[in-house]
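Accompanying notes for the structure given below.
These values consider heavy atoms only, across backbone and side chains, with no hydrogens, waters or symmetry-generated copies. Just follow the structure's listing: the first ligand is 1, and inside any ligand the first atom is 1.
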Amino acid sequence: MSTRVKDLIREEIQSLNAYHVPDPGAMIKLDAMENPYHMPEALIAEWLELIKHAEINRYPDPAATKLSAVLKTYMGVPENNSSANGSMNSIILGNGSDELIQILAMAVAKPGRKILAPEPGFVMYNMIATFTGLEYLGVPLKEDFSLDMPAMLEAIKTHQPALIFLAYPNNPTGNLFADNDIEKILNAAEGLVVVDEAYHPFACTSFMPRLGEFDNLLVMRTVSKMGLAGLRLGLLAGPEKWISEFDKIRLPYNINILTQVTAEFALKNAEVFEQQAATIREQREWLFNELSSFKQFDVFPSRANFILLRVLEGDASEIFAGLKKQGVLIKNSHSAGGVLTQCLRITVGKPEENKLLVSALKKCL
Ligand SMILES: *Cc1c(COP(=O)(O)O)cnc(C)c1O
């Protein structure tokens, strides 16, 4: 490496590996928690008509006013806080929830500040902590993937993290943390607690109605897992006093016009996406039962659109490679180590894809 690069680029950045996404080619893609369905043809035609008139020669509405209003209603953001101070709730939009995590981190970043999250968890919490010069603290989950409350409360007391992220349900384990554990964390933490509800369409439970009940609660959502991952659109909801601070560091045109127009259109036709989510939830149960019938696997119940399993007999990496050879791409979580040793994560696909996966698995074992 040139000495100029070595001298100039922060050491923690030099030691990072770029976020790697494998090229799926023509494979059945069950690795990234995507919704396998596109919109129906008739809706695509209607959408293309709208896109025709999108003024891409102009800057988009910097506040994405129309889309924000639609999202606020659709995501069920309560108008007022239920707490005594009675302040308003507000939202900020991001280029995916990834950007919102980055905005949160930038807003609190100063030397010594920390981000805390349970481990294993969503990798971006850790990565963005590094990008923004924050320290990351991962608190191991218990064997059953529930929160280790004594360890969480101890870490909160000792380290006073500025931000705590709780994915609800958690990625990659798929379970929901207990509501009363989350409440205890909200009460114990001096910093902000972000409940990340990326998998809300499949979990059907939420902290959104409780915004304002805790001064430090924020709720994050995304349209990615509901079927619009290509748009890059996330939302952070919470008390106006917090959101208005984050909005100061949001880049002015972070939600492009095609995303604004498309997301607004999609949410006006939300029943299409809700139907798809319902099918995925049914398929999740089908796949859970099928996978559980393999005596070689320990399969973990999921409230998301993916299933984590542990290979008890055989080798996870060999099974991963065997599936890949047969044109099925899943996620090999084994290399993360710890409780993920010998674990594979499978996104729920279309019925025919799930069937193909199961028969491909049989050939690997
Ligand atoms: C997939 C995922 C996200 C992704 O968000 P984007 O809106 O696509 O950036 C956020 N949080 C968790 C826990 C996820 O698994």
Practice problem: Could you check which of F122, F306, Y199 puts a non-hydrogen atom nearest to atom 15 (O) of ligand 1? | Solution: Y199
Quiz item: Under 6.0 Å between the ring centres of F122 and F165?
Solution: no
Quiz item: Of R221, R303, K225, which meets salt bridge (Lys or Arg N to Asp or Glu O under 4.0 Å) against E197?
Solution: R221
Quiz item: ligand 1 versus E99, non-hydrogen atoms closer than 4.0 Å: side chain, backbone, both, neither?
Solution: neither
Quiz item: What residue and heavy atom of the protein are closest to atom 5 (O) of ligand 1, and at what distance?
Solution: S97 OG, 2.8 Å
Quiz item: If you count the atoms of ligand 1 from 1 in the order shown, which ones are under 4.0 Å from a heavy atom of A167?
Solution: 13 (C)
Exercise. Hey, can you tell me if W47 and H38 have their rings parallel, tilted or perpendicular (30° and 60° cut-offs)?
Key: perpendicular
Exercise. For ligand 1, indicate whether the residue A198 contacts it via side chain, backbone, both or neither (heavy-atom separation under 4.0 Å).
Key: side chain
Quiz item: Are F202 and F306 close enough that their ring centers fall under 6.0 Å?
Solution: no
Quiz prompt | Charged N-O contact under 4.0 Å between E285 and R281 | solution = no
Quiz item: Are any of the N or O atoms of Y125 closer than 3.5 Å to those of ligand 1?
Solution: no
Quiz item: To the nearest 0.1 Å, how far is atom 13 (C) of ligand 1 from its closest protein heavy atom, and which atom is that?
Solution: D196 OD2, 3.3 Å
Practice problem: Could you establish whether G96 and ligand 1 come within less than 4.0 Å of each other, counting only heavy atoms on the residue side? | Solution: yes
Quiz item: Are the charged groups of K241 and D215 less than 4.0 angstrom apart, N to O?
Solution: yes
Quiz prompt | For atom 3 (C) of ligand 1, closest protein heavy-atom neighbour | solution = K225 NZ, 3.3 Å
Quiz item: Which protein heavy atom lies closest to atom 9 (O) of ligand 1, and at what distance to 0.1 Å?
Solution: R232 NH2, 2.8 Å
Exercise. Could you go through the side-chain contact (heavy atoms from CB on, under 4.5 Å) check for L287 and Q283 one step at a time?
Key: CA-CA 6 Å; L287 189 58; Q283 279 296 303; 5.9 Å; no
Quiz prompt | Mode of D98 contact toward ligand 1 - side chain, backbone, both, neither (heavy atoms, under 4.0 Å) | solution = both
Quiz item: Is the shortest side-chain N to carboxylate O distance from K52 to E49 below 4.0 Å?
Solution: yes
Quiz item: For atom 8 (O) of ligand 1, which protein heavy atom lies nearest, and how many Å away is it?
Solution: S224 OG, 2.6 Å
Quiz item: Going through the checks in order, is the side-chain contact (heavy atoms from CB on, under 4.5 Å) test met by L323 and L361?
Solution: CA-CA 7 Å; L323 288 175; L361 269 174; 4.0 Å; yes
Quiz prompt | Contact check, M124 vs ligand 1, heavy-atom distance below 4.0 Å | solution = no
